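Have a look at the structure below, then the notes.
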Amino acid sequence: MRISQLFIPTLFEEPQEAEAISHKLMLRAAMIRRLSSGVYSYLPLGLKVLHNMERIIREEIDAIGCQELLLPAMTPASLWQETGRWDAYGEDMFRLKDRKDANFALGPTHEEIITDLVRREVKSYRQLPLSFYQIQTKFRDEPRPRFGTMRAREFLMKDAYSFHRSEDEAIETYVKFYQAYEKIFTRCGFRFRIVEADSGLIGGSRSHEFIALSDIGEDTIVECSVCKYAANQEKAECGRGERWTGEMSALQLVDTPNVKSASDVSSFLNVSPDRLVKTIIYQTESGSPVAVLVRGDKEINENKLCRVLNTGQISLADARTVEQATNAPVGFAGPVGLKGIRIIADYGINEGGNFVIGGNKPDSHFIGANLDRDFEVSEFADIRATADGDKCPQCGKELRVSKGIELGHTFNLGTKYSKAMNATFTDETGKERTIIMGCYGIGVSRLIPAYIEQHHDSSGIIWEQNIAPYQAIVLPLNIADPVQFGLAEDVYYKLQNAGLSVLLDDRDERPGRKFTDAELLGIPIMIVVGAKTKASGNIEIGYRRTKEKHFEPIETLVIKVRELLGVI
RNA sequence: CGGGGUGUAGCGCAGUUUGGCUAGCGCGCCUGCUUUGGGAGCAGGAGGCCGAAGGUUCGAAUCCUUUCACCCCGACCA
């Protein structure tokens, strides 16, 4: 393609609307433009990359026998009401009414829609298993759209759903998707990790997230430095340590006027935060408050706490509940003498002693508090947010925490939707049974910014050859020189005939601009045809990733380019 | 939802505190000539309801009120 025929309005200056590097580069490289917050148009170059990623996804998902279809984006409320999500989704759901005042939603996801389709068509075990996918625009009114197409309100998602007769069969398919996802993200060039994910109350035996490592990521993952354990922090367990056996000092009540937070107490009493115990009162769904103990240097993981409490929702207790439960204002709760309330302690409490702890009295804390001697707990549980240095639950070695971007999520749904929507089949014995489901998502439009976060330098984007908008770009530095331009065209046609996607920068621009644009766009191979080329007879081949240059006679040019691209 | 910030030419910004005559700068854009290995030079030119509405004033980008949009941080750990 000749650049003069293409719409590639690159930006020289930093766009003011963007903060994240990927967002800036996508705007500067003329891949996207914003229409509204979290709503973007794709320009030709951005769409090329999107299509390339879709192509890889289709190839791998087709290969495991999953069939593509396209479901509607506009969906009637009645389906959502069947599963209760019409209410549960809340403000994240874009809603609209038709002329007859009937309610619709712009689909934020499609479990209900696909389940409805399948329950109408599938009656017999002979029709199962089945799996379907689509690449569809989803709509979610995110509370805070972020970083361009990273977290948008209108975005492209590949979602797949599978339908099974048995749990074993569901797991077989789950493994296929898991492996297909590994292939997809590897082919796209991601540095990623696969982590165990929280399956929440939805149940099901397993759930994994595919996370691209990146500091701007909104997900936190925990990995073992030695073994293969890896999990989302929401789910990550902590290994346990030994019971503390140090010498106990005397329990003493000290004045701590208006000193409430862990960090304030720590600096006021001059003790390190790990010597503190925070006592936090939670309100559960059932209404009875619970006291939760965690060391001052740790945070509570509410997802894990919910699982221990076997509830879907907890919230911090309000000031009045705290006072009723502890006889002290917020900030001074402690387990010493605490009665009539369930006390759940993190295992970390068992591994320390001589704690500083709330006094259950205004403006006071205990020091030298020890388990069993001074206070008791109802039970121990793993409820803290796993942090750097915590022990691996599998091998006991050190865990490390890092940030990442969720690229994909696989989920064993069980019968959550099929049961609510009465999607059943008749088995071999004539008995009616509920279909078992799985679902598997990839945030297609998020893949691009996630990739760029991992693959860029100070000049711009660095594309992997199989997702690059074009594989090579030919730069005739002076189009007014017919010999030079003719040579550039020769090279251009040669590469095209070899089956490569090639750009020819035939614009009447200065060489400097052509270089900067080519590097900004991130085209893997940059072929320069200028005065030097004419003089030496060799063609200059630049490799974007390393910026190294090769000089090659035109006869062997194609071979060299293929070699550099790794497509020999 | 809470907090902070920003809206002035296609893009990036100054001007707003202390109201003043025709609203500036750089890049980009258009025309012509020269130039061509890292965003060229000269000459000429186009482009703005200063986010929107209302108000104060002889006079508003600037002051007041309302409103909209966008960006960032946070969303309760006692």
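Within every chain, numbering begins at 1; the chains are lettered A, B, ... in the order of the sequence lines, protein sequences first and strands thereafter. What you are looking at is a predicted structure, and each value in this text was computed from that prediction instead of being measured.
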Send over the distance from R510(A) CZ to G28(B) P, rounded to a whole Å. 11 Å
I want to verify a distance call: between G37(B), U35(B), C77(B), whose nearest atom is closest to the K278(A) side chain? C77(B)
Taking a pair as Watson-Crick or G-U wobble with both distances under 3.5 Å, which nucleotide is matched to G38(B)? none
Between S36(A) and C70(B), is there a contact of a side-chain N or O with OP1 or OP2 at under 4.0 Å? yes
Pairing partner (Watson-Crick or G-U wobble, both distances under 3.5 angstrom) of G24(B): C13(B)
Could you work out which one of U36(B), C70(B), G37(B) sits closest to the side chain of R34(A)? C70(B)
When you compare A9(B) with G47(B), how far apart are their C1' atoms, in angstrom units rounded to a whole number? 6 Å
Using the P atom as the point on both nucleotides, what is the distance between A43(B) and C25(B), in whole Å? 15 Å
How far, in whole Å, is U16(B) from C76(B) if one measures between their C1' atoms? 38 Å
Mind checking if V528(A) touches a base, just sugar-phosphate, or nothing, with heavy atoms under 4.0 Å? base
E13(A) has a side chain; which of G37(B), C77(B), C11(B) sits nearest to it? C11(B)
Rounded to the Å, how far apart are K514(A) NZ and A40(B) C1'? 14 Å
Using the C1' atom as the point on both nucleotides, what is the distance between G15(B) and C50(B), in whole Å? 10 Å
Which residue lies toward the 5' end of RNA chain B, V265(A) or L11(A), if each is placed at its nearest nucleotide? L11(A)
L213(A) and Q454(A): CA distance, side-chain angles, deciding distance, side chain to side chain contact (heavy atoms under 4.5 Å, CB included) verdict: CA-CA 8 Å; L213(A) 299 174; Q454(A) 291 189 341; 4.3 Å; yes
Please report, rounded to the nearest Å, how far the C1' atom of G28(B) is from the CZ atom of R28(A). 14 Å
Under-3.5 Å donor-acceptor pair between E17(A) side chain and G7(B) base: no
Would you indicate what E323(A) reaches in the nucleic acid, counting non-hydrogen atoms under 4.0 angstrom: base, sugar-phosphate, or nothing? nothing
If the condition is side chain to side chain contact (heavy atoms under 4.5 Å, CB included), which residues does D382(A) pass it with, not counting sequence neighbours? E237(A), C238(A), K304(A), D346(A), Y347(A)
Where the side chain of Q16(A) is defined as all heavy atoms beyond and including C-beta, which of C13(B), G37(B), C71(B) is the nearest nucleotide? C13(B)
If we take the P atom in both U67(B) and C27(B), what is their distance in whole Å? 41 Å
Can you measure I539(A) atom CD1 to G37(B) atom P for me and round it to whole angstrom units? 17 Å
Hunt down the Watson-Crick or G-U wobble partner of U31(B), both distances under 3.5 Å, from any strand shown, or write none. A43(B)
If pairing requires Watson-Crick or G-U wobble contacts with both distances under 3.5 Å, which nucleotide is the partner of A69(B)? U6(B)
For E302(A) and F147(A), take the nucleotide of RNA chain B holding the closest heavy atom to each; which residue's nucleotide lies nearer the 5' end? F147(A)
Given atom CE of M526(A) and atom P of G38(B), what is their separation to the nearest angstrom? 12 Å
Given G37(B), C77(B), C71(B), which nucleotide is nearest the side-chain atoms of T533(A)? G37(B)
Measure NZ/K24(A) against P/C71(B) and give the value in whole Å, please. 15 Å
Heavy atoms only, 4.0 Å cut-off, all strands: where does K534(A) land among base, sugar-phosphate and nothing? nothing
With C1' as the reference atom in both, quote the distance from A23(B) to C49(B) in angstrom, rounded to an integer. 13 Å
For a quick check of understanding: with a heavy-atom distance under 4.0 Å over all strands, which category does A531(A) fall into, base, sugar-phosphate or nothing? base
When you compare U36(B) with G41(B), how far apart are their C1' atoms, in angstrom units rounded to a whole number? 12 Å
Describe the nucleic acid contact of A385(A) in one word from base, sugar-phosphate, nothing, applying a heavy-atom distance below 4.0 Å. nothing
Would you indicate, yes or no, if C71(B) has its OP1 or OP2 atom less than 4.0 angstrom from a side-chain nitrogen or oxygen of S37(A)? yes
Determine yes or no for a side-chain-to-main-chain donor-acceptor pair under 3.5 angstrom, with S445(A) supplying the side chain and L156(A) the backbone. yes
Need one value for A20(A): base, sugar-phosphate or nothing, where a base atom within 4.0 Å counts as base even if backbone is also close, heavy atoms only. nothing
Among L25(A), L43(A), V49(A), whose side chain to side chain contact (heavy atoms under 4.5 Å, CB included) with M31(A) holds? V49(A)
In whole angstrom, give me the gap between the C1' atoms of G24(B) and G48(B). 12 Å
Whether W463(A) and Y451(A) hold their rings parallel, tilted or perpendicular, with breakpoints at 30° and 60°: parallel
From CD of E509(A) over to C1' of G41(B), roughly how many Å is that when rounded to an integer? 16 Å
Nearest of C72(B), U36(B), C77(B) to any side-chain atom of N478(A)? U36(B)
In Watson-Crick or G-U wobble terms, with both distances under 3.5 Å, the base opposite G59(B) is none
Go ahead and name the base partner of G48(B); Watson-Crick or wobble counts if both distances stay under 3.5 Å, otherwise write none. none
Taking all non-hydrogen atoms of both residues, which atom of A30(A) and which atom of T10(A) are closest, and how far apart? CB-N, 4.0 Å
Looking for any heavy atom pair under 4.0 Å, which part of the strands does E14(A) touch: base, sugar-phosphate only, or nothing? sugar-phosphate
Taking any heavy-atom pair under 4.0 Å as a contact, classify I281(A): base, sugar-phosphate, or nothing. base
C70(B) C1' sits how many Å from E19(A) CD, rounded? 13 Å
Ring centroids only, cut at 6.0 angstrom: are H550(A) and Y543(A) within range, meaning strictly under it? no
If you take all heavy atoms of D363(A) and N258(A), which pair is closest and at what distance? OD1-N, 2.9 Å
Could you check whether R95(A) makes a cation-pi contact with W80(A), meaning its NZ or CZ is under 6.0 Å from the centre of the six-membered ring and within 45° of the ring axis? no
